[in-house]
There are 2 protein chains.
Amino acid sequence: MDDIDRAILRELQTDGRIAYADLGPKVGLSASAARQRLQRLLDSKVVQVVGVTDPMAMGRQSMALLGISVDGDPRAVADVLAQREEVVYMVLTAGPYDLFAEVVCGQPADLLDLVNDVVRPIDGVTGVETFPYFGIHTHRFLWDVG
Amino acid sequence: MDDIDRAILRELQTDGRIAYADLGPKVGLSASAARQRLQRLLDSKVVQVVGVTDPMAMGRQSMALLGISVDGDPRAVADVLAQREEVVYMVLTAGPYDLFAEVVCGQPADLLDLVNDVVRPIDGVTGVETFPYFGIHTHRFLWDVG
DNA sequence: GGGCCACGTGGACGACATCGACCGGGCGAT
DNA sequence: ATCGCCCGGTCGATGTCGTCCACGTGGCCC
């Protein structure tokens, strides 16, 4: 992991499908070398090139963060929630909540159903705080080293 | 936006650099048609192909969600916070907090500094709740239509 | 110095992206 | 119904690109 690797990640940030022939020169390498480096980064799971969709553009109008309190092992709850396709992001936290989940639903009613019919009934869940939101202000995929 | 588009997005989910020659057949189209569709999706900003890095693998050990309370327009605060590279994700919410930010720092001390020296002093910020986390349980980039 | 390893380079080959020409179904107007 | 149009697909030609391998070079340890 050196400056060149970081330069590669930076380029992938703006265009994940960039050709090696373009990527190489941009980071000061030949195309082959750039390919080898990117391959190494992909193999070691440091980076992952994926298509990220905009929920709004997909007709998803109801998104929320859920702060979930759990009695017992939050990981068990997380494992159950991970099965639901509405759950797109989940972290185990310290602080007032044990688990944070980000959910994307089609309609507000779907969100309500999800929270009440799916999340609350899960064994060990003692409380759910719902923070609906209506748009993403910032979304960066590169966690660059300062 | 039809089943084929969704199939394309699903493929991009597992490999954003998939060749059109492979993508086409996988979604039941010729390579050219697949290319045209993906190009349309990219142009219309429905999807974005990017390299997503793993913060842990980049040596980032201190991550947190910040629940921020604001007196005034939360968007102004969000605009200021968006300048910081540690802030990777931000949504404006309803509920107990006005703004949620996800931050990625190198060291726990950096996180403390960020919250106390950067976030709290911002005009209008009346409170910050910090939820540190130590790993991502689930991360999906495709919010598919059920 | 000698051997080794990691990494970058250059080239050859085959696969692929790209673009234009052609084609067919759906649809509205006449 | 039929004509014309448009959207979206296939097909094919051409040049570019990904892929692989052999080679060169610098650092490092013994």
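Quantities reported herein were computed from a predicted structural model and do not represent experimental measurements. A, B, ... follow the sequence lines: proteins, then strands. Residue 1 opens every chain.
Note that SG of A/Cys105 and CZ of A/Arg60 are 7.5 Å apart. Values are rounded to the nearest 0.5 Å. The line from OG1 of B/Thr14 to NZ of B/Lys26 is 6.0 Å long, rounded to the nearest 0.5 Å.
Summarising the geometry, the separation between CG on B/Asp22 and P on D/dC17 is reported as 19 Å, rounded to the nearest angstrom. Following rounding to the nearest Å, B/Tyr20 (OH) and D/dG12 (P) show an atom-to-atom distance of 22 Å. For B/Asp2 and D/dG8, the CG to C1' distance is 11 Å, given to the nearest whole Å. Rounded to an integer number of Å, the gap from B/Gln39 CD to D/dC7 P is 18 Å. In this entry the distance linking CD1 of A/Ile18 with C1' of D/dC17 reads 13 Å, nearest Å. Rounded to whole Å, the distance from CD1 on A/Ile4 to P on C/dA6 is 18 Å. The nearest whole Å value for the distance from the CG atom in A/Leu29 to the C1' atom in C/dC7 is 10 Å. Atom CG of A/Leu38 and atom C1' of C/dG8 are 16 Å apart (whole Å).
B/Glu102 and B/Tyr133 share a donor-acceptor pair across their side chains, judged by distance under 3.5 Å alone.
In terms of position along DNA chain C, the nucleotide closest to A/Arg37 lies nearer the 5' end than the nucleotide closest to the other residue of the pair B/Ala21 and A/Arg37.
Heavy-atom neighbours of B/Arg75 CZ from other residues, nucleotides or ligands within 6.0 Å: at or below the threshold of 12.
The side chain of B/Ser32 approaches D/dC11 more closely than any other nucleotide in the set C/dC16, D/dC11, D/dG18.
Phosphate contact (OP1/OP2 of D/dC20, side-chain N/O of A/Arg35, threshold under 4.0 Å): present.
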